[in-house]
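Read through the structure below, which is laid out as structure tokens, and then see the notes.
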2 protein chains.
Amino acid sequence: MADGNPRASAKTMAEIAQLAGVAESTVSRALAGSTRVSRGTRERIFNLVREQGYQINSSARNLRTQRSRTIEVVIAISEATRQHFSDPFFSQIIGSIGDALAENGFDMLLSRQSPWSDAFGANALASNRADGVIIIGQGRDPSSLEDYAREHKNVVVWGADIPNRSYPVVGSDNFAGGQLVGRHLMAIGRRRVVFLGDVSHIEIGLRHRGLVAALTSTDQTSTQTLTLSMPFDGASAYDATRELFSDRVWHDAVFAASDILAIAAMQALADLKIRVPEDVAVIGYDDISVSALVSPALTTVRQDTAAGGRALVEKLLATIDGDLPGDLILPTQLVVRRSCGAT
Amino acid sequence: MADGNPRASAKTMAEIAQLAGVAESTVSRALAGSTRVSRGTRERIFNLVREQGYQINSSARNLRTQRSRTIEVVIAISEATRQHFSDPFFSQIIGSIGDALAENGFDMLLSRQSPWSDAFGANALASNRADGVIIIGQGRDPSSLEDYAREHKNVVVWGADIPNRSYPVVGSDNFAGGQLVGRHLMAIGRRRVVFLGDVSHIEIGLRHRGLVAALTSTDQTSTQTLTLSMPFDGASAYDATRELFSDRVWHDAVFAASDILAIAAMQALADLKIRVPEDVAVIGYDDISVSALVSPALTTVRQDTAAGGRALVEKLLATIDGDLPGDLILPTQLVVRRSCGAT
DNA sequence: AGGTGTTGCGCAATCGATTGCCGTTCCCTA
DNA sequence: TAGGGAACGGCAATCGATTGCGCAACACCT
């Protein structure tokens, strides 16, 4: 018993103050690291805190300070998009956001419902649960996001640099990414390209436009691009690919809007005994970790999620501090592996 | 202007009360759906709330009610384990937990640091953030988790049914899963099995024991199992597999503790021109969505993450309500695909 | 009319920490 | 010894909602 009776009961700051023989205000200041408390007092208080296993009640603190040191992260995945939350791309970016937030002493509230979607649901920002919001993806209809951003402070978004925005954006250069793919395909002599992805989704539309731009800006013989556009998940990408190639193999390349789609497409081709990359080259987007591990390894456009997540957090925290940070469009990089048939 | 001036300023319940000409208490009760408020008053209040875009301040509410309607979800990934947060297995289970929480009106606080790891970290100091904690994985050292669970109420864990626990557990039957694999391998005539995974990790150890039990409980000719045990990620699984098989192909099967490891192993084998499944059968664990899409499609043991996530939430909420829910060990299921060479 | 409920609502205490402002104490200097 | 600071710490208001208790008004019954 000499070592105290840890976390027996002690609960409030008042109790600590009582034990230390000081006022609550002093305990508060000591814990906050204020210089207005003498070293001796501070140490006495810290020892008691440790002994008693005292923890600040964050509800009370949040109420008083009017902030929560919590950030809401929203993965706005509509049913219609069919994109799965478990797409590793999301996990990667969420992971890096989480790390960056933790380093700054912020908690992360994860949500899959856009705060504007449910008219009468709870809105974390409005209700003081969160000091800011990071939204992953602009989705197919950026206008509701725009409305939301206008009415709320402290919103940053992972997405594309679209005009008439009122929020800072971090994203990768989707158009350039599409271009990289287009140029690469031209360079290795593939002209008849299938694009797989929902082009009405802003970012994916940009990838598509980049592809088309690269393919048509050349003076080589005309190219023919087929765009399969619909909400895609792995399964439907498989089906679409399988159907397209089941009659005959006319196209010689597939560019999928995400690695998940690309991997599904490769599977469909394999099941049709169509060789990748000999008969059809396949290129994906994201560079999720499994892409290096499939056979053949997937050529893809890397999005730097680590830098992206970190930047999102930096910009949001700056916004909260009253700054007006600019946007950040990260460069993309083509990661050439076997699936495209290049050297 | 007739339609009011939405979300102009209105902020506190007091303002709403003022506008409605009632006391704060009445507004509070109306919002809480108390029957002690007349229909007329209730409607008047609701209209004002809508008009003014009022949202209850959750810090204040949490302080007063002493709960937060928030659950913390912890992915306890140690550096040493090398397991990546972006493993789709985690995303899947987090997704289903998130859905179940949302249905019950709870928020999800996502954290990658076990609450016991940083004894005095920055925000370990704060409490009352969450009404309960869901911990994914017992890790390699369940004792610190045990300590934590003893000192805290409302903790449920995804993991294995280990003895001397003081928390409810939901998990899949790892031993049975390993057995399934062992039996299947025996049935298809593979005897020389390599196990890939960190057996000091509780759940993975069980999978391993299940495998060994199945392989040795038979009266067929003796089997030889090699266990490669170390913290694994995709890359190191690749390396280990590559090294093991580079001299000669003695083993005829690989059982990996997760699909990610299995996919990496398949890649290593492919790079060595070793055929899967003809020369070496490969079986994974988890059945993440990409496993059906790799070539050859991966035979694996399915963990029902959807049911698991839901059960975790149910049990936690029951615990919060004062119940003492039992454990739930979900059945596992062998999903036979091409990589094991079965029909 | 008086008694007994029932409804509907307000008063005021309360949750636990933060912080502006002010009061001591102590030390140093002139 | 008086005066001027600096250093340290306490008082009390405050954040915004919840809730036990009490009171008024009205209905119903005998």
Side-chain angles (χ1 to χ4, degrees), chain A residues 9-46 48-49 52-70 105 122-131, chain B residues 9-46 48-49 52-70 105 122-131:
Chain A
S9 57
K11 301 183 55 152
T12 76
M13 191 174 269
E15 293 182 57
I16 301 293
Q18 169 106 50
L19 291 172
V22 298
E24 279 186 66
S25 37
T26 302
V27 176
S28 175
R29 281 193 268 258
L31 260 37
S34 158
T35 56
R36 314 252 341 227
V37 179
S38 67
R39 229 170 89 80
T41 309
R42 189 204 317 283
E43 282 176 4
R44 190 150 36 96
I45 290 174
F46 269 89
L48 278 167
V49 164
Q52 304 287 328
Y54 167 74
Q55 303 210 131
I56 284 185
N57 180 314
S58 25
S59 306
R61 180 218 286 262
N62 294 347
L63 173 58
R64 179 60 227 237
T65 60
Q66 300 289 40
R67 36 225 187 73
S68 55
R69 285 199 90 75
T70 297
N123 176 332
L125 247 195
S127 66
N128 273 48
R129 275 181 308 178
D131 297 338
Chain B
S9 57
K11 301 182 58 151
T12 76
M13 191 174 267
E15 293 182 58
I16 301 293
Q18 168 106 49
L19 291 171
V22 298
E24 278 187 67
S25 36
T26 302
V27 177
S28 174
R29 281 194 267 259
L31 260 39
S34 159
T35 58
R36 316 245 350 210
V37 179
S38 68
R39 227 170 91 81
T41 310
R42 189 204 317 282
E43 282 175 5
R44 192 150 35 97
I45 290 174
F46 270 88
L48 278 168
V49 163
Q52 305 288 326
Y54 167 74
Q55 298 226 148
I56 223 167
N57 180 314
S58 27
S59 306
R61 181 218 284 265
N62 293 347
L63 173 59
R64 180 59 227 238
T65 61
Q66 301 288 37
R67 32 223 189 75
S68 56
R69 284 199 89 76
T70 298
N123 56 9
L125 214 47
S127 73
N128 273 56
R129 285 178 305 177
D131 298 338

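Every chain is numbered from 1, with letters handed out A, B, ... down the list of sequences.
Using a 4.5 Å heavy-atom cutoff, the side chains of B:Leu48 and B:Gln18 are not in contact. Contact of the A:Asn57 side chain with the B:Gln66 side chain is registered, since non-hydrogen atoms from C-beta on lie closer than 4.5 Å.
Following rounding to the nearest Å, B:Arg64 (CZ) and C:dA13 (P) show an atom-to-atom distance of 13 Å. In this structure, A:Arg67 atom CZ and D:dG16 atom P are separated by 15 Å, rounded to whole Å. Spacing between atom CD1 of B:Ile16 and atom P of D:dG16 amounts to 13 Å, rounded to whole angstrom units. Spacing between atom CZ of B:Arg61 and atom P of C:dT14 amounts to 22 Å, rounded to whole angstrom units. Taking atom CZ on B:Arg39 and atom P on C:dG8, their separation rounds to 12 Å, with Å as the unit. Distance B:Asn62 CG to C:dA17 C1': 14 Å, rounded to the nearest Å. Rounded to a whole Å, the CG atom of A:Leu63 is 17 Å from the P atom of D:dA13. Distance, B:Gln66 CD to D:dT19 P: 11 Å, rounded to whole Å.
Nearest-nucleotide assignment on DNA chain C puts the 5′-proximal partner with B:Arg44, out of B:Arg44 and A:Met13. Residue-to-nucleotide proximity on DNA chain C shows that, of A:Ala14 and B:Thr41, the 5′-proximal contact is made by B:Thr41.
Under 4.0 angstrom from either OP1 or OP2 of C:dG16 there lies no side-chain N or O belonging to A:Tyr54.
Side chain of B:Arg129 to backbone of A:Ser58: no donor-acceptor contact under 3.5 angstrom is found. Without hydrogens or angle criteria, B:Arg67 side chain to B:Asp131 main chain gives no donor-acceptor distance under 3.5 Å.
For A:Ser38, counting side-chain heavy atoms from C-beta on, the closest listed nucleotide (D:dC8, D:dA17, C:dG16) is D:dC8. Among the nucleotides C:dC9, C:dT14, C:dG16, the one closest to the side chain of B:Val37 is C:dC9. Nearest nucleotide to the A:Thr65 side chain, out of C:dC9, D:dA17, C:dT19: C:dT19.
When every heavy atom of A:Lys11 is checked against every heavy atom of A:Glu15, the shortest pair comes out as N-OE2, 3.2 Å. The two residues A:Ala60 and B:Leu63 come nearest to each other via the heavy atoms CB-CD1, 3.7 Å. For the pair B:Tyr54 and B:Thr12, the tightest heavy-atom approach, listed with the atom from each and the gap, is CE1-C, 3.6 Å.
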All N/O contacts under 3.5 Å from nucleotides 22-25 of chain D to the protein, with atom names and distances to one decimal?
none

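If you check every strand for non-hydrogen atoms under 4.0 Å, B:Thr35 touches sugar and phosphate atoms only. Within 4.0 Å of A:Gly21, counting heavy atoms only, lie sugar-phosphate atoms of the nucleic acid but no base atom.
A heavy-atom distance below 4.0 Å to DNA chain D is reached by these residues of residues 23-33 of chain B, ordered by number: B:Glu24, B:Ser25, B:Ser28, B:Arg29.
Of the inter-residue distances, the one linking B:Thr70 atom OG1 with B:Asn62 atom CG reads 6.5 Å to the nearest 0.5 angstrom.
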List the atom pairs, with distances to 0.1 Å, where a side-chain N or O of residues 21-37 of chain B and a protein N or O form a donor-acceptor pair under 3.5 Å, not counting sequence neighbours.
residue	atom	partner	partner atom	Å
B:Ser34	OG	B:Arg36	N	2.9

